[in-house]
Amino acid sequence: MIRYLTAGESHGSSLTAILEGIPAGLSVKEDDINFDLARRQIGYGRGLRMGIEKDIVNITSGVRWGKTMGSPISMVIQNKDWEKWQAEMSISTQHEGKGIRLNRPRPGHADLAGAIKYNQRDIRNILERASARETACRVAVGAVAKCLLKEFGIKIISHVTEIGGIGISTQNLTPEDVYGRAEVSELRCIDDNAEREMKAKIDEAKVGGDSLGGVFEIVVTGVPVGLGTYAQWDKKLDGRIAYALMSIQAIKGVEIGLGFESARRWGSQVHDEIYYKSPSRDDKGLSEVPFDTEAQGSKPKEGFYRKTNNAGGIEGGISNGEHIIARAAMKPIPTLPKPLKSVDIDTKESFNASVERSDTCAVAAAGVIGEAVVAIEIANTFLEKFGGDSVEEIRRNYEGYLNYIKNY
Ligand code: EPS
């Protein structure tokens, strides 16, 4: 079972993650993690802060000579912006009172509810930890989970399907196509026309002192049938993915497969019919199958398969062997230059909240964070089923299971 904790404030000295439960013998390089950290930092519409930071991980335990030892892995990411915040974010009483006390909560942030809950009169004590800066840690942990999944042919990709009401119209692409296009797009968007419109809308938001949200999609390929279970509520794979995605800052909705659309249709238009093909050598593998929900005419696969994937690869809380598809909706970033009404926590007087520096749109970055948190859930359910203390032990368990499935 993988467990992890993150610590650190947005303008504190550094962020820290401790990850437990990764088996011994897994190849993990700082470069693997830095690759995803860099992907999280880019995206059209990101603010000035990303020009200051260059997120690089320092693994401080759990890895020796490039391989995990089975002990907890700790990782540290420095905040470059801390240079300017040393007194304001100091842990020492000698700096007490430095900086401006924040008493004006921003609508849409954790500011007011957090200040009341923790009995704080300086809202900085709330916003520093509530900030999405924390997600750099989750991406680092997710990158290690991805290293494990890669050993077993499981891949995770993300792309942006909607920003500010502008959606993509590309269909029937394979996961490889989607990955290729998303990685070279500034918005991680696979539809060039939609991307152009999205960028124009982000520019409009920036000029108007506003912000924009959107939707990203996660696709997981190579997942075997049988991860998660229907047997207990908190072990359902879809429930765990939804929880993980919903826990990302600013996420307001999660869908699996056809999601909310499935509530509007006849049952016969929703459920994926089951087919069977005898195992053969010329099978091209999962990655060539288009992942669109409702995709028709996908290449037959080995054993049991579906021609559509409205279930998003999960039935009864268990992976069914199809690609896992999840989407998350992100609200517009609440820190806006455009004034919104709020109330001063000291005087109780109304004022117009207005804040200068922030991102205009961070949906592309949120997709990379989504990949990370889904990777952790898939890795966790994978270890529950095939768990062992070393990669070799897990491989033996996994191969035995695959042989069993072939003869089922
Ligand atoms: C954030 C506000 C901005 C974002 C930040 C999240 O930071 P700042 O207040 O320093 O300008 O850039 O995101 C990150 C630092 C990051 O690494 O993603 C917020 O209030 O949540």
Side-chain angles (χ1 to χ4, degrees), residues 6-17 33-57 75-86 88-89 99-100 102 104-115 122-143 158 160 187-188 202 205-206 209-214 216 247-252 330-338 340 342 353-373:
T6 72
E9 278 81 41
S10 180
H11 304 95
S13 66
S14 55
L15 303 164
T16 308
I33 299 165
N34 290 336
F35 178 73
D36 271 354
L37 288 177
R39 290 170 72 236
R40 192 198 72 95
Q41 284 202 266
I42 51 184
Y44 196 81
R46 289 283 254 161
L48 295 173
R49 176 78 186 272
M50 286 304 100
I52 298 167
E53 302 298 339
K54 178 155 184 10
D55 293 340
I56 289 175
V57 76
M75 297 181 277
V76 178
I77 300 164
Q78 301 295 336
N79 286 325
K80 291 200 168 192
D81 209 22
W82 184 62
E83 295 285 317
K84 288 200 255 68
W85 291 81
Q86 292 193 35
E88 216 158 330
M89 292 304 294
I100 303 157
L102 299 181
R104 299 186 146 196
R106 298 159 300 171
H109 264 277
D111 294 0
L112 182 57
D122 184 352
I123 289 169
R124 179 153 302 286
N125 289 347
I126 307 305
L127 69 87
E128 282 291 336
R129 181 61 187 160
S131 163
R133 178 87 189 122
E134 181 264 347
T135 60
C137 274
R138 288 202 252 181
V139 167
V141 171
S158 72
V160 170
L187 275 178
R188 306 191 53 72
I202 292 170
K206 205 169 182 179
D210 225 316
S211 61
L212 284 174
F216 64 82
S247 76
I248 299 171
Q249 287 82 340
I251 298 303
K252 283 298 196 186
M330 184 183 195
K331 70 181 179 182
I333 294 206
T335 308
L336 325 171
K338 190 175 190 155
L340 288 181
S342 182
S354 163
V355 183
E356 290 307 318
R357 192 178 85 175
S358 190
D359 304 312
T360 307
C361 179
V363 183
V368 177
I369 302 156
E371 288 175 29
V373 300

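All residue numbers refer to positions in the sequence shown, counting from 1. Bear in mind that the values here come from a model prediction, so they are computed numbers and not experimental data. Counting starts at 1 for both ligands and their atoms, in listed order.
- At least one N/O-N/O distance between Ala132 and ligand 1 falls below 3.5 Å.
- Remark: of the listed residues His109, Arg138, Lys331, Arg138 is the sole one forming a side chain to side chain donor-acceptor pair (under 3.5 Å) with Gln249.
- Taking only nitrogen or oxygen atoms, main chain and side chain alike, Arg49 reaches within less than 3.5 Å of ligand 1.
- By heavy-atom distance, the residue among Arg133, Arg357, Glu128 lying nearest atom 15 (C) of ligand 1 is Arg133.
- Annotation: atom 14 (C) of ligand 1 to nearest protein heavy atom, Met50 CE, 3.6 Å.
- Proximity to Arg40 (heavy-atom distance under 4.0 Å) selects the following atoms of ligand 1: 16 (C), 17 (O), 18 (O).
- At least one N or O atom of His11 sits closer than 3.5 Å to an N or O atom of ligand 1.
- Counting protein heavy atoms only, atom 3 (C) of ligand 1 is closest to Ser358 OG, 4.4 Å.
- For NZ of Lys338, the number of neighbouring non-hydrogen atoms (other residues, nucleotides, ligands) closer than 6.0 Å is 12 at most.
- Contact check for Leu127 versus Arg106: side-chain heavy atoms found under the 4.5 Å cut-off.
- Not one N or O on the side chain of Ser211 forms a donor-acceptor pair closer than 3.5 Å with the backbone of Leu336.
- Contacts with ligand 1 closer than 4.0 Å are made by side-chain heavy atoms of Asp359 only, the backbone lying farther away.
- The side-chain heavy atoms of Glu128 and Glu88, taken from C-beta on, include no pair separated by under 4.5 Å.
- Side chains of Arg129 and Thr6: a donor on one and an acceptor on the other come within 3.5 Å.
- Glu53 pairs in a salt bridge (charged side-chain N to carboxylate O under 4.0 Å, His left out) with only one of the listed residues (Arg133, Arg40, Lys80, Arg46), which is Arg133.
- Between Arg46 and ligand 1, at least one N/O pair is under 3.5 Å apart.
- Annotation for ligand 1: atoms under 4.0 Å from non-hydrogen atoms of His109 are 20 (O).
- From the protein, the heavy atom lying nearest to atom 6 (C) of ligand 1 is Ser131 OG, 3.5 Å.
- Arg188 contributes a side-chain N or O that, together with a main-chain N or O of Ser158, makes up a donor-acceptor pair within less than 3.5 Å.
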